[in-house]
Amino acid sequence: LHDALPIFVVDAELYKKRPDLVNCGRTLIGQLPCRNQQADLNYFGPIPFRVDQLLQRVQEEMLRVGCPMAVRHNEVAPGQHEMSPIFCTASASSDNKEAGKLGLRVLCREKLIAGINGSGKHCNWSVGTDTGLNFFYPGKTDDARKLFVTGIACLAYGLHRYNEMVRCAVAHAGNDHRLGAQEAPPAIISLYPGTGFEAHVGSIVAGGDLLGYKAEKKLQSLGCSASMPIEANIEDRNRTAPFPFCGNRFEFRAVGSSQNCAFPVMVCNAIMASGMEHMSQLIEGGLNHRDAVAKLFTDSKHVIFTGNGYSAEWPVEAAKRGLPNLNTTPKAIATFASQKNKDLFVKLGIYAEDETDARAEVMYES
């Protein structure tokens with residue numbers, strides 16, 4: 001698990017003068033920053049001195065609990081910065097303790113300013129075996145490529161079968177303000193494996209072989225004669241998608257910045273387990289490997305979407321596909337304690353039925 005966490009950092013004294021920030025964690029009055037959101041000025045500029053001090057101190061605190069940090073840098077919005085802890089087994093809440101020493105205040109609300117990029121945790125999630133096999137890495141052998149295609153089939157089935165559960169994993173009031181714009185995916189949960197892989201899914205459903213997909217990096221032209229082409233990823237990483245493919249993992253982009261990512265990741269693991277179980281049942285029931293993968297993709301291909309998640313056409317298309325559009329937290333929570341979800345949680349030993357009801361009640365209260 002690799003987790004990117006954007007945060008907003010403001011001067012503590014200025015923060016105290018804003019009752020909307022103090023009480024709500026987000027702006028309710030005022031004007032946009034004079035520079036608005038010009039990415040080249042904010043993203044590529046130097047980190048302000050006090051903020052850099054803060055991020056260094058947080059990095060030191062995290063190392064003490066065994067949680068290394070991959071990067072720290074500015075983010076796109078004014079006053080927004082990002083840390084990326086990697087392969088976490090523990091986390092520490094030391095941000096505001098350290099910020100106070102520097103006269104700063106850290107704001108972890110998902111949408112601080114309307115019309116400006118919000119903050120979310122981007123959980124880079126993959127599933128592997130204790131022998132080093134990664135289900136979401138295309139690999140260089142036929143066996144690895146088959147594992148890759150099979151893994152995505154299981155994930156697609158899980159997202160199809162438990163779509164509402166995945167939406168509930170990121171449903172809370174702060175995130176409702178963020179989802180659907182400025183690099184945040186919409187509330188409609190879909191899978192983005194890339195346009196090339198989507199075409200391969202169509203081939204498998206039509207009777208094609210599992211090995212028809214070539215995961216090859218491409219050279220991307222910059223459109224000018226003064227620069228050479230640069231190496232691009234296997235597939236484009238669509239920032240309007242809640243579940244885009246990132247080369248050897250999927251990135252759950254819908255997690256809110258104020259959330260503990262343990263709950264969303266638990267849900268990802270649960271739906272993946274359900275897909276693997278279904279695949280196993282098909283094979284044990286007599287289908288061969290290829291036909292079992294084709295069956296999963298046939299049942300769940302409607303959850304695969306590689307277009308623009310911000311377009312006005314997508315909610316209309318999603319409705320035609322039968323994908324729920326739970327665009328507010330109350331709508332989402334109403335689906336959490338369904339019998340279908342309870343049965344899965346009980347089967348996997350995650351929650352008892354009354355614990356699922358209790359979780360829904362706590363989500364409503366929050």
Using 0.5 Å steps for rounding, measure from the [atom1] atom of [X] to the [atom2] atom of [Y].
| X | Y | atom1 | atom2 | result |
| --- | --- | --- | --- | --- |
| K342 | Q339 | NZ | CD | 6.0 Å |
| L282 | D299 | CG | CG | 8.0 Å |
| N134 | L147 | CG | CG | 8.0 Å |
| H177 | C24 | NE2 | SG | 9.0 Å |
| R167 | L159 | CZ | CG | 14.0 Å |
| N308 | T240 | CG | OG1 | 5.0 Å |

Are [X] and [Y] connected in the hydrophobic side-chain network, where two residues link if heavy atoms are under 4.5 Å apart?
| X | Y | answer |
| --- | --- | --- |
| I113 | V22 | yes |
| M276 | V346 | no |
| L348 | I271 | yes |
| Y310 | L179 | no |
| Y364 | F345 | yes |

Whether [X] side chain and [Y] backbone form a donor-acceptor pair below 3.5 Å:
| X | Y | answer |
| --- | --- | --- |
| T129 | T131 | yes |
| N23 | P19 | yes |
| K331 | N325 | no |
| K121 | S257 | yes |
| S227 | C224 | no |

Heavy-atom pair with the smallest gap, counting every atom of [X] and [Y]:
| X | Y | answer |
| --- | --- | --- |
| Q80 | S119 | NE2-OG, 3.0 Å |
| P138 | G247 | CD-O, 3.4 Å |
| A337 | T356 | CA-CG2, 3.9 Å |
| F263 | A169 | CE2-CA, 3.7 Å |
| S126 | R249 | CB-CB, 4.0 Å |
| M279 | A292 | SD-CB, 3.6 Å |

Note to self: Once you measure the plane-to-plane angle for W314 and F305, does it fall in the parallel (<30°), tilted (30-60°) or perpendicular (>60°) bin?
What the structure shows: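 W314 and F305: parallel rings.
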Next item on the list: Give the ring-plane orientation class for Y351 versus F336, where under 30° counts as parallel, over 60° as perpendicular and anything between as tilted.
Entry: perpendicular
Is a salt bridge present between [X] and [Y], judged by a nitrogen-to-oxygen distance below 4.0 Å?
| X | Y | value |
| --- | --- | --- |
| R109 | D176 | no |
| K146 | D142 | no |
| R57 | E60 | no |
| R50 | D11 | yes |
| R26 | E110 | no |
| E317 | R321 | yes |

Is any side-chain heavy atom of [Y] closer than 4.5 Å to one of [X]?
| X | Y | value |
| --- | --- | --- |
| K340 | R161 | yes |
| N175 | K111 | no |
| F8 | P78 | no |
| I350 | E355 | no |
| Q59 | M83 | no |
| L104 | V10 | no |
| S258 | H172 | yes |
| N74 | P48 | yes |

Check: Would S338 and E164 count as a side chain to side chain donor-acceptor pair (under 3.5 Å) if you check the C-alpha gap in whole Å, the side-chain angles of each, and the deciding distance to 0.1 Å?
Finding: CA-CA 10 Å; S338 67; E164 299 91 344; over 6 Å; no
For residues 203-212, which side-chain N or O atoms pair as donor and acceptor with protein atoms under 3.5 Å away, sequence neighbours left out?
from: D209; atom 1: OD2; to: L211; atom 2: N; distance (Å): 2.8

Next item on the list: Step by step, work out the side-chain contact (heavy atoms from CB on, under 4.5 Å) result for N124 and C246.
Entry: CA-CA 8 Å; N124 288 268; C246 297; 4.3 Å; yes
Next item on the list: Among F197, F252, Y213, F250, find the one that has a ring pair (Phe, Tyr, Trp, His ring centres under 6.0 Å) with F245.
Entry: F250
Next item on the list: Compute whether any side-chain donor of one residue and acceptor of the other, for H289 and T150, lie under 3.5 angstrom apart.
Entry: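 The answer is yes; a qualifying pair exists.
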Margin query: Can you confirm whether the side chains of E82 and H73 place a donor and an acceptor under 3.5 Å from each other?
Written below: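 A donor-acceptor contact under 3.5 Å links the two side chains.
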Item checked: Stepwise side-chain contact (heavy atoms from CB on, under 4.5 Å) check, L21 with L112 -> CA-CA 8 Å; L21 287 181; L112 192 67; 3.6 Å; yes
Next item on the list: Can you spot which of I333, L326, T328 makes a side-chain contact (heavy atoms from CB on, under 4.5 Å) with P330?
Entry: T328
Next item on the list: Would you check, one step at a time, whether the test side-chain contact (heavy atoms from CB on, under 4.5 Å) holds for W125 with F136?
Entry: CA-CA 9 Å; W125 165 80; F136 301 140; 3.7 Å; yes
Note to self: Please evaluate residues Q56 and R72 with respect to the criterion side-chain contact (heavy atoms from CB on, under 4.5 Å), reporting the C-alpha separation (whole Å), side-chain torsions for both, the decisive distance (0.1 Å), and the verdict.
What the structure shows: CA-CA 9 Å; Q56 287 185 42; R72 61 178 193 272; 3.2 Å; yes
Note to self: Apply salt bridge (Lys or Arg N to Asp or Glu O under 4.0 Å) to residues K301 and E198 and explain how you reach the verdict.
What the structure shows: CA-CA 9 Å; K301 63 182 179 180; E198 183 182 31; over 6 Å; no
Item checked: Neighbour count >12 (heavy atoms, 6.0 Å) for atom NZ, K347 -> no
